[in-house]
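Within every chain, numbering begins at 1; the chains are lettered A, B, ... in the order of the sequence lines, protein sequences first and strands thereafter. All figures in this text were calculated on a predicted structure; none of them were measured in a lab.
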Amino acid sequence: MKYKALKGVQDLIPPEIELWQHIEDVSKAVFKVYGYKELRVPIIESTDIFLRSIGETTDIVEKEMYTFPDKAGRSITLRPEGTAPVVRAFIEHNLFNLNPPQKFYYHGPMFRYERPQAGRFRQFYQIGVEAFGIDDPKLDAEIICMLRHTLEEMGLTGLEFELNSIGCSNCRPKYRESLKEFLSGRLVRLCPDCQRRFELNPLRIMDCKVTGCIELRQGAPRVIDFLCEDCRNHFDKLKDYLQLLNVSFAVNPDLVRGLDYYTKTTFEVTTTSLGAQKAVAAGGRYDRLVEEFGGPPTPAIGFAIGAERIASLLKDNYVYQSSGPVIFFATLGGEASATALKIADSLRTKGLYIEVGYDVMSLKSQMKRADRLGALYTVILGEDELKSGKAILRDMQTKKQSDIPIDAIEENFLNRIVA
RNA sequence: GUGAGUGUAGCUCAAUGGUCAGAGCACUGGACUGUGGCUCCAGGGGUUGUGGGUUCGAGUCCCAUCACUCACCCCA
């Protein structure tokens with residue numbers, strides 16, 4: 001094959017595309033009742049937008065970004081995630097002047113240069129939301145509740161909600177030091193990856209799956225125990241609200257987000273029915289990012305849903321809805337074909353789904369096509385029918401046929417639909 | 001970036017190193033000169049991912065390369 005899609009990217013084609021439309025439609029409908037407005041931001045941004053927000057030492061920035069110079073030599077990056085561009089747009093258009101909270105959603109492709117595997121692609125689709133201007137844990141609860149609502153509405157079941165608080169700029173550094181102190185004596189016995197994490201992101205060590213590391217970190221300090229009063233209150237209230245809203249969740253003290261900008265609340269939704277890439281949505285609070293981007297101090301929280309993973313969970317049980325044409329015109333001969341085409345065109349302008357056969361096809365193959373398409377009726381129109389002025393109307397379900405005056409076809413079907 | 005596995009028809013897969021590479025599904029046609037689903041029959045469709053090598057002989061063995069898959073790192 002001469003041309004193929006690039007590694008890690010994929011075409012979405014019928015009928016599967018319908019599932020994707022379902023996922024987008026449901027999320028839009030649910031977001032709407034929570035007051036979220038759509039925001040469309042470019043898929044390319046200045047590279048430094050991601051350097052500053054995601055963190056220069058994260059893997060995303062270090063090795064996963066599609067970065068290239070444009071024709072004027074500026075460094076451009078295909079967005080690896082949606083929060084940074086939304087924050088940039090939020091500040092650029094002074095959206096903080098609106099009454100808080102300012103609530104937005106977006107959906108579209110993201111790009112990361114990674115080795116593809118199950119549930120991971122180089123171009124992947126996220127549906128995300130961001131809410132600005134309120135640091136009340138009620139907003140955290142609302143947004144997590146909205147996420148649950150969205151996923152359930154899409155038809156997902158058996159999801160697990162995990163929750164954590166990773167503190168703020170007051171309490172996290174203290175925890176980080178305490179953790180490093182605890183681990184420093186055991187450093188040489190940790191796996192090579194964790195030895196690297198020790199300097200880079202020691203919190204990640206708590207997430208390591210190597211059995212030796214799991215044993216070594218027994219009794220390690222937990223971030224939850226280091227929260228300052230503000231963070232602790234926030235987290236406690238959030239849990240209360242979630243209980244009030246009947247959202248079942250598990251506190252996972254080891255839930256660490258990969259991006260630098262998160263503060264306080266972090267959460268993740270996982271499923272047991274995918275492979276290693278089992279997170280279907282994740283998010284958290286980022287109270288400092290807007291200010292760091294040059295905007296006014298603005299607390300914020302958001303999440304993103306991984307559309308590929310949702311699609312792969314839903315695809316086996318999804319029932320495709322696409323309905324067939326009301327009429328299939330099976331014609332024989334040029335004159336009949338022209339007559340049918342004209343009637344079909346007229347009915348289509350009235351909003352009816354009509355298909356016509358083409359002259360190269362035998363009647364048999366036209367009938368077959370009508371059947372495959374799921375047509376309700378087939379109108380058979382040949383030279384005999386033109387002569388008598390009456391076409392054959394075949395009900396595809398009952399196989400019953402009757403004559404119908406050619407002049408009356410249009411009116412007949414328009415009335416049928418109205419009635 | 002690391003590791004393992006797999007590349008044969010549109011799809012799912014066969015073929016102890018030995019004729020000119022097969023089957024099911026799908027597609028087209030016929031049985032039914034102008035009537036769909038079921039059945040039967042026939043037909044079209046392949047540079048066996050690509051390039052080298054070993055051999056009298058390679059889909060099969062070896063090397064390289066590309067792609068796909070899964071996992072690691074990391075992450076939705």
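Comparing A:L274 and A:G283 along RNA chain B, the residue whose closest nucleotide (by nearest heavy atom) sits nearer the 5' end is A:L274. Checking A:L332 against A:Q277, the closest nucleotide of RNA chain B that is more toward the 5' end is the one next to A:L332.
Heavy-atom contacts from other residues, nucleotides or ligands closer than 6.0 Å to CZ of A:R348 number more than 12.
For an aromatic pair to be called close, the ring centres must be under 6.0 Å apart, and A:Y377 with A:F413 satisfies this.
Looking at heavy-atom distances under 4.0 Å, A:R112 makes contact with a base. Residue A:M396 is classed as a base contact, given a heavy-atom separation below 4.0 Å to a base. Within the nucleic acid shown, A:E81 has no heavy atom closer than 4.0 Å to any nucleic acid atom. No engagement by A:I305 is indicated, since no non-hydrogen atom pair under 4.0 Å with the nucleic acid exists. Nucleic acid contact for A:E114: base, since at least one base atom lies under 4.0 Å from a heavy atom of the residue. A:A370 comes within contact range of no nucleotide atom at all, as no heavy-atom separation falls under 4.0 Å.
The pair A:E45-A:R88 meets the salt-bridge criterion, since a charged nitrogen lies less than 4.0 angstrom from a carboxylate oxygen. Salt bridge absent: A:E81 and A:R79 never bring a charged side-chain N and a carboxylate O closer than 4.0 Å.
At whole-Å resolution of the value, CD in A:E64 and C1' in B:G1 are 11 Å apart. For the pair A:Y262 OH and B:C74 C1', the interatomic distance rounds to 15 Å; values are reported in whole Å. As a whole-Å value, the separation of A:I327 CD1 from B:G36 C1' is 17 Å. For A:R122 and B:C75, the CZ to C1' distance is 14 Å, given to the nearest whole Å. If you measure from atom OH of A:Y113 to atom P of B:G1, you get 6 Å, rounded to the nearest angstrom. With rounding to whole Å, A:Q366 atom CD is found 17 Å from B:G37 atom C1'.
For the residue pair A:H234 / A:D135, no side-chain donor-acceptor distance below 3.5 Å is found, with atom types taken as modelled.
A stem is defined here as three or more consecutive Watson-Crick or G-U pairs, each with both distances under 3.5 Å; for RNA chain B these stems are B:1-7 with B:66-72, B:10-13 with B:22-25, B:27-31 with B:39-43, B:49-53 with B:61-65.
Note that A:R186 lies in the cation-pi zone of A:F182, set by a 6.0 Å cut-off to the ring centre and a 45° limit from the axis.
For B:G36, the base has a donor-acceptor partner in the side chain of A:R394 [N/O atoms by modelled type, under 3.5 angstrom]. A donor and an acceptor atom sit less than 3.5 Å apart, one in the side chain of A:Q401 and one in the base of B:U35.
For A:K364 and B:G36, the shortest distance from a side-chain N or O to OP1 or OP2 is below 4.0 Å.
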Could you go through nucleotides 24-29 of chain B and list every protein N or O atom that sits under 3.5 Å from one of its N or O atoms, giving the distance for each pair?
unit_1 : atom_1 : unit_2 : atom_2 : d
B:C27  : OP1    : A:R372 : NH1    : 2.2

Dump the pairs, protein N or O against N or O of nucleotides 40-42 of chain B, anything under 3.5 Å, distances to one decimal.
none

Produce the list of close N/O pairs, under 3.5 Å, pairing protein atoms with atoms of nucleotides 66-70 of chain B; give distances to one decimal.
unit_1 : atom_1 : unit_2 : atom_2 : d
B:A67  : O2'    : A:K4   : NZ     : 2.9
B:C68  : OP2    : A:K7   : NZ     : 3.3
B:C70  : OP2    : A:A118 : N      : 3.0

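Scanning residues 376-388 of chain A for heavy-atom distances under 4.0 Å to RNA chain B yields A:I380, A:E383, A:D384, A:E385.
Applying the side-chain hydrogen bond (donor to acceptor under 3.5 Å, both in side chains) test to A:S388 and every residue at least two apart in sequence or in another chain returns nothing.
For B:G29 and B:U33, the P atoms lie 14 Å apart once the distance is rounded to whole Å.
Using cut-offs of 30° and 60° on the angle between ring planes, the pair A:Y36 and A:F31 is tilted.
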